[in-house]
Amino acid sequence: MFRCLFLILLILVFENDGILFPQRNEYRHYDQLDGLWTFVREPKNSYGVGLENKWHLVDLEDFKNATVMPVPSAYNDITQDINVRDHVGWVWYQYKFYASKQDTEYRTFLRFSSVNYYALIFFNGYLIGNHVGGHLPFQFEVSLNFNSLNKITIAVNNTLSHDTIPPGEFKYLHQTYPSGIQVYPPGFFELTPDFDFFNYAGILRSVYLLKLPKSYIKELKIAAYGNGNFSYRINVDTNNSGDLNADIVVTSLKSRQRVYEGKGLQADVNIQHVELWNPRGYGEPNLHELEIHLINNQTNQIIDIYREKFGFRTVQVTNDTILINEKTFYCKGFGMHEDFELHGRGYNPVVMTKDLNMVEWMGGNCYRTSHYPYSEERAYEADRRGIAVITEVPAVGMRYFTKPIQKLHAQMISEMILRDRNHPSVFAWSLSNEPASDSSTARNYYSDLITLTHSLDSTRPVTMVLDTYYSTDKVADMLDFICVNRYYGWYANTGYLETITKSYIGEIYEWKRKFQKPIIQSEYGADAIAGLSQDPSIDFSEQYQVDVLIRAHKAFDFLRANGSLAGEMVWNLADFMTAQSTSRAVGNHKGMLTRTRQPKMAAYVLKKRYETLENVVIGKDKKNKP
Ligand code: BDP
């Protein structure tokens with residue numbers, strides 16, 4: 001039944017109008033509803049007991065099995081109950097609050113920054129909307145009760161199936177011995193997700209009660225280039241309140257000078273002598289602030305204000321390199337995860353800040369939001385720190401290239417772009433990680449999505465992260481640049497260190513030769529269990545991870561020098577949790593850091609490399625053939 005419900009809901013197109021980050025200022029306010037929410041778990045893979053019995057109409061705290069769950073956090077690792085950790089299916093959250101009298105002056109919205117995977121939102125007993133996919137924000141307007149409690153109820157389902165992105169496989173198992181002994185309990189199934197990270201679920205990022213003016217600034221699109229060309233588009237919810245206009249001021253956050261003043265809900269202008277946003281190591285990550293005053297033309301009064309930080313910079317792609325502000329940008333990067341002990345993928349400013357500090361400590365200038373868009377707070381921090389980011393839509397391990405899946409994928413792409421398009425740090429969109437891109441159905445499927453992405457944002461290149469081979473891949477030629485994941489010395493030729501350098505050189509050189517596009521080695525590395533010391537090295541020892549890195553780096557230096565490599569991203573910044581498998585000893589250990597962010601031996605090797613790597617080398621000596 002859940003499967004049917006799921007499909008029906010997929011068919012309802014989720015209308016996302018663009019979504020701005022919550023802001024508290026002279027005209028808009030919010031309450032952050034984070035804290036302890038009432039939590040009830042349905043039986044594993046239940047057909048939807050809660051929906052059938054209308055749990056949104058009752059007080060969940062009265063249930064015998066009710067407990068509390070911190071928001072934001074994944075629920076999986078908070079209890080001692082293995083059934084909570086490994087839950088598949090519905091869980092319910094509830095939160096009650098009294099509205100303040102002053103709230104009558106505002107329009108109010110519930111904003112969810114990330115609920116994974118599928119969420120039904122009820123407010124004061126009514127279904128007000130749903131969202132599918134996790135990792136991206138959504139909001140619904142609500143009318144508050146002023147004389148009684150307000151009650152938010154959320155039903156969350158983490159089920160992964162063929163109809164979801166990323167996909168998972170349900171395998172129902174039965175086995176009865178001749179004696180009549182049944183091995184598996186009735187209804188037993190194994191769920192194998194098509195990805196290598198723990199499927200943390202629940203309310204993963206903050207929940208807000210937004211308080212916005214009756215007419216308000218709804219959407220903002222900024223494009224700002226290295227030559228000072230600047231355009232903005234403001235979309236307003238007028239609430240039928242007549243003729244609205246906007247006063248605009250752009251201020252340099254470096255000099256604190258106003259560099260532009262204007263009027264209008266949109267404009268295309270050129271601003272002279274702007275300070276550019278640059279990635280770390282290429283100059284300062286200078287930011288500007290666009291301040292919008294929404295004006296009612298009749299009364300000439302300000303009715304809303306929104307301020308957004310942005311940067312002037314240009315991203316271009318040649319056959320060989322990615323250029324930021326017309327300079328070759330070489331990505332010294334990391335694949336990462338939003339992952340930590342206890343709160344799983346739940347947003348935590350401590351972990352986020354530590355992670356970005358560790359990227360900087362190792363001399364990195366770049367990361368990919370593998371394998372889903374990270375928190376909005378992280379994108380603002382990347383802007384401020386000058387870390388260049390490839391933002392990836394949640395579409396890992398794609399195998400089923402059907403129309404309904406494509407529609408969902410397209411929706412996620414558009415939500416991601418609407419959320420992140422004003423961030424200068426985001427320099428490219430990744431549409432998938434390791435899809436089965438060697439089939440012609442994949443080609444048609446991705447061709448549409450690439451066109452869609454370009455039409456939604458013409459200022460950034462589009463890429464995908466491939467693990468196919470240059471000889472069989474069917475999408476690489478449609479991308480602006482190509483990301484390749486490969487694990488020589490780990491998944492291929494384990495233990496044969498002497499093959500690693502030539503394997504990378506040989507393969508990447510062919511990708512380059514065939515497609516004549518910039519190539520980023522987007523994942524490489526090896527697992528190392530922290531403290532496991534073996535010399536000569538053996539797989540899983542810290543020395544082995546170092547040995548793999550050193551040999552890969554030798555190849556990357558060679559490839560860079562002849563213009564065949566535009567960047568490298570080690571997999572992974574830190575160890576992270578995965579599903580259980582015989583190749584995972586309590587998670588994936590390819591981190592440069594442990595899961596608690598302590599450096600392994602490899603971290604020092606990478607730090608030395610990133611700190612000493614010249615910024616611009618590409619294309620110096622093109623005659624340098626392998
Ligand atoms: C790559 C995947 C990544 C995995 C990694 C690994 O993109 O999600 O964690 O392999 O196996 O193929 O460590």
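In each ligand, atom 1 is the first atom listed, and ligand 1 is the first ligand listed. The residues of the chain are indexed from 1 along the displayed sequence.
- Looking only at heavy atoms of the protein, atom 8 (O) of ligand 1 is closest to His371 NE2, 2.7 Å.
- For atom 7 (O) of ligand 1, the candidate residues are His337, Arg368, Glu523; the nearest heavy-atom contact is made by Glu523.
- Atom 9 (O) of ligand 1 has as its closest protein heavy atom Asp196 OD2, 2.5 Å.
- The part of Asn433 lying near ligand 1 is the side chain, judged by heavy-atom distances below 4.0 Å.
- Between the side chains of Thr578 and Asn588, no donor N or O sits under 3.5 Å from an acceptor N or O.
- Residue Asn588 has at least one heavy-atom neighbour below 4.0 Å for each of these atoms of ligand 1: 6 (C), 9 (O), 13 (O).
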Can I get a per-line list of side-chain donor-acceptor pairs under 3.5 Å for residues 491-498, giving both atom names and the distance, sequence neighbours left out?
unit_1: Tyr491; atom_1: OH; unit_2: Arg584; atom_2: NH2; d: 2.8
unit_1: Tyr491; atom_1: OH; unit_2: Lys590; atom_2: NZ; d: 3.0
unit_1: Thr494; atom_1: OG1; unit_2: Trp490; atom_2: O; d: 2.6

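- Salt-bridge annotation for Arg85 and Asp81: absent, with no side-chain N of the basic residue lying under 4.0 Å from a carboxylate O of the acidic one.
- Within the structure, ligand 1 lacks Phe197 among the residues with a heavy atom less than 4.0 angstrom away.
- By the salt bridge (charged side-chain N to carboxylate O under 4.0 Å, His left out) test, Glu523 pairs with Arg368, sequence neighbours left out.
- Thr468 and Asp438 are not linked by any side-chain donor-acceptor pair at a separation below 3.5 angstrom, with hydrogens and angles left out of the test.
- The protein heavy atom nearest to atom 12 (O) of ligand 1 is Glu434 OE2, 2.5 Å.
- Among protein heavy atoms, atom 11 (O) of ligand 1 sits closest to Tyr491 OH, 2.3 Å.
- In this pair, Tyr504 and Tyr524 present their aromatic rings perpendicular. The plane angle is above 60°, beyond the 30 to 60° band.
- Close contacts of ligand 1 with Asn485, meaning ligand atoms under 4.0 Å from a residue heavy atom, involve 7 (O).
- Heavy atoms of Phe195 found under 4.0 angstrom from ligand 1: none, in either backbone or side chain.
- No hydrogens or angles considered: a donor-acceptor pair under 3.5 Å links the side chains of Tyr372 and His337.
- What sits closest to atom 13 (O) of ligand 1 on the protein, heavy atoms only, is Lys590 NZ, 2.5 Å.
- The distance from ligand 1 to the heavy atoms of Arg584 drops below 4.0 Å at these ligand atoms: 6 (C), 11 (O), 13 (O).
- For the ligand labelled ligand 1, residue Phe576 lies inside the 4.0 Å heavy-atom shell.
- Side-chain polar atoms of Glu568 and Tyr330 form a donor-acceptor pair below 3.5 angstrom.
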Kindly determine whether His409 and Met398 satisfy side chain to side chain contact (heavy atoms under 4.5 Å, CB included), including the steps that lead there. CA-CA 10 Å; His409 200 154; Met398 301 292 293; 4.0 Å; yes
